2 protein chains.
Amino acid sequence: MAETPPSGESLLFLTDEQLRKGIEAMFFAYRGFTADPDRILETMDYGRAHHRAIHFIHRSPGTTVSNLLAILGVTKQSLNRVLRTLIEDGLVEARVGRRDKRERHLHLTPKGAELERELSDAQRARMRAAFRAAGPQAVSGFRTVLEAMMDPEQRKQYQGLKEAGP
Amino acid sequence: MAETPPSGESLLFLTDEQLRKGIEAMFFAYRGFTADPDRILETMDYGRAHHRAIHFIHRSPGTTVSNLLAILGVTKQSLNRVLRTLIEDGLVEARVGRRDKRERHLHLTPKGAELERELSDAQRARMRAAFRAAGPQAVSGFRTVLEAMMDPEQRKQYQGLKEAGP
DNA sequence: AATTTACGTCAGCCTTGTTGACTTTCCAAG
DNA sequence: CTTGGAAAGTCAACAAGGCTGACGTAAATT
């Protein structure tokens, strides 16, 4: 495909029209991105907020409530409502910290892990199809732009949440 | 089922881990994407729903309510609430259709256009910075992947809303 | 001992989405 | 001309999921 040369002249990809296309691409794609899990969730009593909590607990088992708060960027009251139902329904387990007993370390139960798999399977299937159709080079660009679009704090969360903290 | 075996060349960009990164990139980037307009909107009595309406009316002046409904993917009751306040506040004008007087053709007033500019300036600034940092090739990939991630209907809206319909 | 931190909870509010039922307007087909 | 149905608007009721503020408790820190 005819890529623009990296020389200084073609800054055409920065025109307002191109930017508007980018903005709308984000809007429409995000809808597609959430559509599949949403369909699954709406058959249960859960919503997108539950999905997010489950996703990040799965990603970082043993993470604390305040860690999750920082990642999700919501208030503790809002998160607590979600977390409470997940714990009541036996999808999430909150273990009191060994070293610091004020902390609650969050884990998915087998049942929670099962729902997580169901949700992320659906979401990954779409992402995989999109990735495959677009090819590795496009995927690389996709990730580069998205990362550049994040707030610095969010970028840090994105890059390095390998360990759940001390 | 198992992973598709790497057919010679690396399909490593389709691993579950890579897909998970893509999923989280979408999540965090979308937050950044909406952050700037949200900050502006919260000082007024408006929310993200108002922004979306204003954006698409600006994009397709004279669009009808049902057009907007299809683009935004919400119920007319939900859209109507937003639209009503925008009309009351003098940001949007609803002109009765000439050919079909049931239709309302939506236009931004000067005041509405001013808010649109303020909002999209903020959003474009971030998008521009991200595009510039990533480069044209990455931007191309970004758009390719996002497009592949949309639902077919959304993709159609994305590609061809040049004209406001018959 | 006093303060700070982590978490939970109650109460109340807002935005933005949903359904369902109903009316008005008006184009177009019979 | 009548009528069916599409387009638009409205009212009512409700839910999810954000928010703030206030308060309580246990545990760690100073």
Side-chain angles (χ1 to χ4, degrees), chain A residues 27 30-31 34-35 37-54 57 62-89 92-106 164-166, chain B residues 27 30-31 34-35 37-54 57 62-89 92-106 164-166:
Chain A
F27 173 69
Y30 198 78
R31 282 244 297 273
T34 57
D38 281 359
R39 258 188 295 274
I40 296 172
L41 288 158
E42 84 181 5
T43 70
M44 319 178 179
D45 260 3
Y46 301 126
R48 217 176 273 181
H50 300 84
H51 183 194
R52 290 197 282 262
I54 288 174
I57 293 171
T63 192
T64 63
V65 172
S66 32
N67 264 337
L68 211 48
L69 243 37
I71 293 170
L72 297 176
V74 297
T75 59
K76 65 173 176 175
Q77 294 91 331
S78 197
L79 176 59
N80 189 253
R81 177 171 32 197
V82 165
L83 231 38
R84 199 190 316 154
T85 70
L86 289 176
I87 292 170
E88 279 170 4
D89 295 353
V92 167
E93 191 188 352
R95 301 180 193 155
V96 173
R98 283 189 310 128
R99 284 167 41 187
D100 187 333
K101 293 177 190 166
R102 292 169 307 178
E103 294 181 341
R104 301 289 184 276
H105 297 277
L106 303 169
Chain B
F27 173 69
Y30 198 78
R31 282 244 298 272
T34 56
D38 281 358
R39 259 188 294 274
I40 295 172
L41 288 159
E42 84 181 5
T43 69
M44 321 176 178
D45 261 3
Y46 301 126
R48 217 175 274 182
H50 300 84
H51 182 194
R52 291 197 281 262
I54 287 173
I57 293 171
T63 191
T64 64
V65 172
S66 30
N67 264 337
L68 211 48
L69 243 40
I71 294 169
L72 296 176
V74 297
T75 59
K76 64 176 177 177
Q77 294 91 332
S78 196
L79 175 58
N80 191 256
R81 177 170 33 200
V82 165
L83 233 35
R84 199 190 319 151
T85 71
L86 290 176
I87 291 170
E88 279 170 4
D89 295 355
V92 167
E93 192 189 347
R95 301 183 194 153
V96 173
R98 283 190 310 130
R99 283 168 40 188
D100 187 335
K101 292 176 188 168
R102 292 165 304 177
E103 294 182 340
R104 300 291 185 274
H105 296 276
L106 303 169

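The structure presented is a predicted model; accordingly, all values stated were derived computationally and were not measured. We name chains A, B, ... by the order of the sequence lines, and we start the count at 1 in each one.
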Whole angstrom is fine here: how far is it from [atom1] in [X] over to [atom2] in [N]?
X: B:D45; N: C:dT16; atom1: CG; atom2: P; result: 10 Å
X: A:D38; N: D:dA16; atom1: CG; atom2: C1'; result: 12 Å
X: A:R48; N: D:dA16; atom1: CZ; atom2: C1'; result: 11 Å
X: A:H51; N: D:dA16; atom1: NE2; atom2: P; result: 18 Å
X: B:E42; N: C:dC13; atom1: CD; atom2: P; result: 20 Å
X: A:L106; N: C:dA6; atom1: CG; atom2: P; result: 14 Å
X: A:M44; N: D:dA16; atom1: CE; atom2: P; result: 15 Å
X: B:L79; N: C:dT15; atom1: CG; atom2: P; result: 17 Å

Would you tell me if any nitrogen or oxygen in the side chain of [X] comes within less than 4.0 Å of OP1 or OP2 on [N]?
X: B:R52; N: C:dG17; answer: yes
X: A:S78; N: D:dG17; answer: no
X: A:H50; N: D:dA16; answer: no

(message) One character per nucleotide, please: for nucleotides 6-13 of chain D, 5' to 3', B when the base has a protein heavy atom closer than 4.0 Å, S when only the sugar-phosphate does, - otherwise.
(response) BSBBBB--
(message) If I compare all heavy atoms of A:R104 with all of A:A94, which pair ends up nearest, and what's the gap?
(response) CB-CB, 4.2 Å
(request) Taking all heavy atoms of A:I71 and all of B:F27, pick out the closest pair and write down the distance. (result) O-CE2, 4.3 Å
Just by distance, do the side chain of [X] and the backbone of [Y] share a donor-acceptor pair under 3.5 Å?
X: A:T34; Y: A:Y30; value: yes
X: A:R48; Y: A:L41; value: no
X: A:R31; Y: B:L72; value: yes

(message) Before you tell me yes or no, could you show the steps for B:H50 and B:L86 under side chain to side chain contact (heavy atoms under 4.5 Å, CB included), namely the whole-Å CA-CA distance, both residues' side-chain angles and the distance that decides it to 0.1 Å?
(response) CA-CA 8 Å; B:H50 300 84; B:L86 290 176; 4.0 Å; yes
(request) Could you check A:Y46 against A:K101 and say which one's nearest nucleotide on DNA chain D is further toward the 5' end? (result) A:Y46
(request) Report the residue from A:L83, A:I54, A:T64 that forms a side chain to side chain contact (heavy atoms under 4.5 Å, CB included) with A:L106. (result) A:L83
